[in-house]
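Notes follow the structure.
First the proteins, then the strands, lettered A, B, ... as listed; each starts at 1.
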Number of protein chains: 2
Amino acid sequence: MPAHGRRDAAAAVFRPVRTRNAFEETVERLLQAIRLGVAAPGERLPAERELAARLGVSRVTLREAIRAVADAGYVESRRGRYGGTFVAEDLPGLPRPRRGAAPSGVELEDVLTLRRVLESGAAEAAAARSLSPADRQHLRVRLTDATDVAPGEEAEYRRRDSRLHLAIAEVTGSASLTSAVADVRTGVNELLDAIPLIGANIEHSDEQHRLIVEAILSGDAPAARAAMDEHLDGTAALLRGFL
Amino acid sequence: MPAHGRRDAAAAVFRPVRTRNAFEETVERLLQAIRLGVAAPGERLPAERELAARLGVSRVTLREAIRAVADAGYVESRRGRYGGTFVAEDLPGLPRPRRGAAPSGVELEDVLTLRRVLESGAAEAAAARSLSPADRQHLRVRLTDATDVAPGEEAEYRRRDSRLHLAIAEVTGSASLTSAVADVRTGVNELLDAIPLIGANIEHSDEQHRLIVEAILSGDAPAARAAMDEHLDGTAALLRGFL
DNA sequence: CTCCAAAGGTTTGGTCCTGGCCCATTGCAC
DNA sequence: GTGCAATGGGCCAGGACCAAACCTTTGGAG
């Protein structure tokens with residue numbers, strides 16, 4: 001009996017339906033928006049009523065989550081017309097000193113495998129599509145943002161880097177692919193938080209980012225995939241070395 | 001302001017936290033297990049207490065879901081020692097006459113894009129890995145199963161086809177990739193339910209399946225990707241034509 | 001034949017979450 | 001300045017969901 005194989009597939013289908021409660025999930029989403037640079041410092045989040053509807057969560061729950069995120073210093077709420085919840089200009093640093101929770105090798109390989117599949121696939125798909133002028137502009141802007149970070153601003157670099165990778169997924173036109181990339185990116189960022197950021201690596205990444213975007217913009221799908229593969233291999237090697 | 005691009009990424013991060021309620025989610029998972037062939041006709045599901053724990057759902061909720069699925073004729077419960085919940089030997093046909101709910105073109109392309117990224121990526125990743133003898137055997141068994149369906153058994157073919165594709169994801173060793181493939185596969189199956197199954201297509205698929213598995217077993221990652229790409233292109237063309 | 005283990009079936013009390021409603025604050029339009 | 005609309009803030013009744021019991025059925029072990 002191939003019970004082994006069956007168990008793996010079964011684990012995929014019978015995985016938990018709801019990982020956390022609504023409050024915790026909502027907090028994670030807000031932090032994800034901030035850490036991936038989807039909501040930049042100073043920017044306003046959607047109004048509570050709208051955001052609650054979008055997240056499929058009651059306003060009470062959303063407000064509790066916002067409260068928690070605000071207490072941690074990530075956002076700030078203002079009342080009145082033209083009020084709202086705003087991302088803090090000065091974001092707090094890492095809340096996670098990684099208290100012994102080093103990810104196992106299996107977990108690491110799991111994330112890296114999924115990441116490679118999703119991100120290289122997204123790069124290829126983006127290049128294979130005929131992009132609208134808005135899409136092309138979007139990519140260029142994100143690329144510039146990412147290569148244009150003041151030295152010493154590691155956290156900001158991480159956000160813009162994520163935002164660029166996310167933009168590549170966006171221009172594939174596939175909403176579910178974009179969601180998947182956002183999730184895997186969050187996982188990768190958590191891992192990256194555990195290792196130091198080196199200047200040489202950033203410069204190297206900048207160049208690779210340029211190559212990737214160039215390949216996508218010129219519609220060269222194999223080149224886009226190859227460039228993304230190489231880029232990801234670098235990070236993967238770094239992570240494997242440190243963990 | 002690049003509000004357009006921002007909106008897409010925001011939609012990914014601010015997507016609903018909880019799509020359905022626990023009951024509905026659980027029903028979907030049970031049906032997914034059956035339709036993907038993870039639980040074959042006649043097979044026993046895990047005991048309620050264990051399954052509830054795995055799904056992260058209370059036993060009460062799980063039982064309600066099982067009850068619903070049993071009422072629809074998919075499973076049957078037996079009490080007493082060596083009892084349990086068993087997948088029906090004769091599964092009901094399609095419950096979905098697709099009442100005008102034809103998927104929009106955008107949705108279709110969304111699923112197909114994600115599918116291509118995930119499944120071709122999985123094939124490549126599987127080929128790039130050094131597979132254990134158990135993995136190799138698993139792939140071979142699933143391949144044989146899929147090419148070995150009695151004529152006229154379209155529903156059974158669909159299940160074994162899914163099971164083979166799922167096996168490819170399994171042998172990548174990445175649990176999250178396997179989950180993602182299972183989900184996208186469910187989406188594709190729903191689309192496929194709307195179009196007829198033609199004998200010639202099955203034969204063609206059988207041959208492509210052989211090529212894919214062969215490439216994976218021989219460790220030829222580019223060939224595995226290429227073979228999977230071709231295979232998926234066939235189905236994609238079929239779907240685009242019918243919808 | 002008796003006991004027991006493993007499974008499904010049932011009940012209860014409590015917690016989380018929601019949907020709806022109203023209040024408080026703010027700044028622009030008039 | 002007055003009105004108003006958009007926003008965050010607060011409250012409550014009821015439903016969904018859960019954890020933890022306990023009951024019933026079944027068939028093998030001894």
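- Residues F23(A) and R81(A) both approach DNA chain C. Their nearest nucleotides, taken by heavy-atom distance, put F23(A) toward the 5′ side.
- Below the 3.5 angstrom threshold, one finds no donor paired with an acceptor across the side chain of R79(A) and the base of dT7(D).
- Qualifying side chain to side chain donor-acceptor pair (under 3.5 Å) partners for S174(B), counting only residues two or more places apart in sequence or in other chains: D110(A).
- At whole-Å resolution of the value, CZ in R18(A) and P in dA16(D) are 12 Å apart.
- Nucleotide dC18(D) holds its P atom 12 Å from the CD atom of E25(B), rounded to whole Å.
- Here dT26(C) presents its P atom at 15 Å from CD of E48(A), a figure rounded to the nearest Å.
- Distance alone, capped at 3.5 Å, is enough to place a donor-acceptor pair between the R129(A) side chain and the V171(A) backbone.
- Counting atom types as modelled, R49(A) pairs a side-chain N or O with a base atom of dG8(D) as donor and acceptor under 3.5 Å.
- Considering R63(A), R67(A), R79(A) as possible partners of E48(A), the one that fulfils the salt bridge (Lys or Arg N to Asp or Glu O under 4.0 Å) test is R63(A).
- Across the protein-nucleic acid pair, E76(A) atom CD and dT7(D) atom C1' stand 16 Å apart, rounded to whole Å.
- Remark: the backbone N or O of D145(A) is paired with a side-chain donor or acceptor of R160(A) at under 3.5 angstrom.
- With rounding to whole Å, F86(B) atom CZ is found 10 Å from dA7(C) atom C1'.
- In terms of position on DNA chain C, the residue among R20(A) and S77(B) whose nearest nucleotide sits closer to the 5' end is S77(B).
- Ion pairing of R142(A) with D161(A) is absent here, as no side-chain N (NZ or NE/NH1/NH2) approaches a carboxylate O to less than 4.0 Å.
- In this structure, N21(B) and Y82(B) both approach DNA chain D, and ranking their closest nucleotides by distance from the 5' end singles out N21(B).
- The side-chain contact (heavy atoms from CB on, under 4.5 Å) test with V181(A) singles out one residue from I168(A), T186(A), L166(A), and that residue is L166(A).
- Using a 4.0 Å cut-off on heavy atoms, the residues of residues 56-67 of chain B that approach DNA chain D are G56(B), V57(B), S58(B), R59(B), V60(B), T61(B), listed by number.
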